[in-house]
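Contents: one structure, followed by commentary.
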Amino acid sequence: MCSATEKSLNPLVKLIQKVLQENDPSLKVVFAVGAGISTSAGIPDFRSPKTGLYHNLSKLNLPYPEAVFDIDFFAKNPKPFNLLCNELYPGKFLPTKFHYLIKLFHDKNLLKRCYTQNIDNLERLAGLPDDKVVEAHGSFVKNHCIKCHEELSIKEFRSFLVKDEIPKCSKCKNYVKPDIVFFGEALPHEFFDKWDEDLSDGIDVCIVAGTSLQVYPFATLPGETPDSTWRILINREKCGDFEMNSRKKDLVLLGDADEIASMLIKQLGWEDDLNKLLENG
Ligand code: CNA
């Protein structure tokens with residue numbers, strides 16, 4: 001294991017440079033990311049001590065922090081989630097350098113897919129097209145009644161939020177929530193379908209970033225890649241399969257996601273491309 005330094009990025013840099021020099025479009029890179037790639041945008045993650053959402057939820061008097069994303073708890077007491085929803089609602093935050101790193105992989109024809117646990121929409125805001133993003137834990141794009149599943153438009157949903165009211169179903173008057181996946185709910189089919197498709201097509205590099213790898217089934221992704229896959233962890237801490245089942249072709253880069261993204265962009269000579277994205281963003 002090593003903290004990220006320019007030198008420690010070498011295996012990844014060399015691999016990418018070789019492919020680009022040979023104009024070989026066959027390198028298949030998959031990202032699997034979590035809340036840690038968005039903290040520099042101003043969105044707290046779940047579990048970081050002192051700054052994470054779970055630490056700050058104490059004011060909401062929850063029986064346990066995860067209750068805020070528990071579907072049974074929400075059905076009885078939707079207020080804590082609604083407060084959080086107002087805080088996290090897309091539109092207030094901008095993509096980070098790490099999001100633009102993923103976009104650069106896409107622009108260089110190296111990105112096969114970006115699997116995200118995040119619900120902040122920043123991958124799309126950075127410019128990734130629909131077919132390259134899999135929002136494993138859903139998104140705020142649609143809202144449904146938790147009882148009769150009637151859809152409530154974003155406009156109507158927002159009109160409740162701005163009045164500080166709990167969004168309710170126009171048909172049965174039960175609570176409405178965005179289609180983000182709560183504990184106790186199934187993940188979208190797309191997550192399983194696309195992952196199976198990508199696995200059978202082959203994954204050369206799997207870059208896991210900004211996640212504690214504690215939420216399942218997402219946490220199983222790095223372990224499901226074949227031994228031939230280069231697995232890169234970019235995170236403040238070592239975690240999940242990188243800790244429990246480390247492999248020969250693992251590269252663990254500990255540190256800040258944006259700083260590591262900057263080092264990588266510099267070493268790959270992609271700085272001008274990044275600047276263009278930032279100018280147009
Ligand atoms: P987590 O469990 O809070 O873990 C975050 C990880 O990122 C930790 O290991 C941190 O050490 C690490 N980290 C934090 N900041 C940085 C940084 N700047 N650079 C590098 N590493 C950093 O969050 P997970 O994503 O693993 O948990 C999955 C949950 C979090 C999903 O269900 C998400 O919906 C949920 N979530 C999403 C958001 C968002 O959309 N931005 C925010 C908070 C929680």
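These numbers were taken from a predicted model, which means no experiment stands behind them. All ligand and atom numbering here is 1-based and tracks the order in the structure.
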What protein heavy atom is closest to atom 8 (C) of ligand 1, reported as residue, atom name and distance in Å?
E237 OE2, 3.3 Å

For ligand 1, indicate whether the residue N118 contacts it via side chain, backbone, both or neither (heavy-atom separation under 4.0 Å).
both

What is the nearest protein non-hydrogen atom to atom 4 (O) of ligand 1, stated with its residue, atom name and distance?
S212 N, 3.3 Å

For S40, is the nearest heavy atom under 4.0 Å from an atom of ligand 1?
no

Protein contact of atom 5 (C) of ligand 1 - nearest heavy atom, named by residue and atom, plus distance:
D45 OD2, 3.5 Å

In terms of atom number and element, which parts of ligand 1 are under 4.0 angstrom from non-hydrogen atoms of G255?
19 (N), 20 (C)

T211: numbered ligand 1 atoms lying under 4.0 Å from its heavy atoms
6 (C), 7 (O), 9 (O), 24 (P), 26 (O)

Record the part of S38 in heavy-atom contact with ligand 1 below 4.0 Å; permitted values are side chain, backbone, both and neither.
side chain

Quick check, are the ring centers of F105 and W270 under 6.0 angstrom apart?
yes

For ligand 1, is any non-hydrogen atom under 4.0 Å from T39's backbone (N, CA, C, O), its side chain (CB onward), both, or neither?
side chain

Ring of F81, cation from K79 - is the NZ or CZ under 6.0 Å from the centre and inside 45° of the axis?
no

Distance filter under 4.0 Å to A257 heavy atoms, resulting ligand 1 atoms:
17 (C), 19 (N), 20 (C)

Decide salt bridge (Lys or Arg N to Asp or Glu O under 4.0 Å) for E135 and R124; before the verdict, give the C-alpha distance in whole Å, the side-chain angles of both, and the deciding distance to 0.1 Å.
CA-CA 10 Å; E135 280 137 348; R124 287 175 197 271; 2.9 Å; yes

If I take atom CE from residue M263 and atom CG from residue L101, how far apart are they, to the nearest 0.5 angstrom?
12.0 Å

Among R236, E135, Q117, closest by heavy atom to atom 22 (C) of ligand 1 is R236

Sequence neighbours excluded, which residues qualify as side-chain contact (heavy atoms from CB on, under 4.5 Å) partners of E87?
none

Among all protein heavy atoms in this structure, tell me which lies nearest to atom 27 (O) of ligand 1, with the distance rounded to 0.1 Å.
R47 NH1, 3.6 Å

Quick one: look up the protein heavy atom nearest atom 23 (O) of ligand 1 and list residue, atom name and how far away it is.
A35 CB, 3.7 Å

Any heavy atom of P44 closer to ligand 1 than 4.0 angstrom?
yes

Sequence neighbours excluded, which residues qualify as side-chain hydrogen bond (donor to acceptor under 3.5 Å, both in side chains) partners of Y115?
D198

Would you please test F140 and F157 for ring pair (Phe, Tyr, Trp, His ring centres under 6.0 Å) and show each step?
CA-CA 10 Å; F140 284 96; F157 187 84; 7.6 Å; no

About how many Å separate CG of L277 and CD1 of I265, when rounded to the nearest 0.5 Å?
8.5 Å

List ligand 1 atoms under 4.0 Å from G34, heavy atoms only on the residue side.
25 (O)

Electrostatic pair K266-E6, nearest N-O below 4.0 angstrom
yes

Smallest separation among heavy atoms of Q17 and Q267, with atom names:
NE2-O, 3.3 Å

Under a 3.5 Å distance rule, please check whether T229 uses its side chain to pair with a backbone N or O of I203 as donor and acceptor.
yes

Among D256, V33, N235, I180, which one puts a heavy atom closest to atom 12 (C) of ligand 1?
N235

Below a 4.0 angstrom heavy-atom separation, can you tell me which part of I43, side chain or backbone, both or neither, approaches ligand 1?
side chain

Nearest neighbour in protein (non-hydrogen) for atom 29 (C) of ligand 1:
F46 CE1, 3.5 Å

Can you tell me the protein heavy atom closest to atom 31 (C) of ligand 1 and the distance?
H137 ND1, 3.2 Å

Ignoring angles and geometry beyond distance, decide whether I234 reaches within less than 3.5 Å of ligand 1 through its nitrogen or oxygen atoms.
no

Atoms of ligand 1 less than 4.0 Å from G210 heavy atoms?
5 (C), 6 (C), 7 (O)

Short side-chain to backbone donor-acceptor contact, S38 and A41, under 3.5 Å
no

Top protein contact for atom 41 (N) of ligand 1, by heavy-atom distance
D120 OD2, 2.8 Å

Hey, does the Lys NZ or Arg CZ of K177 hover above the aromatic six-ring of F74, less than 6.0 Å from the centre and inside 45° of the axis?
no

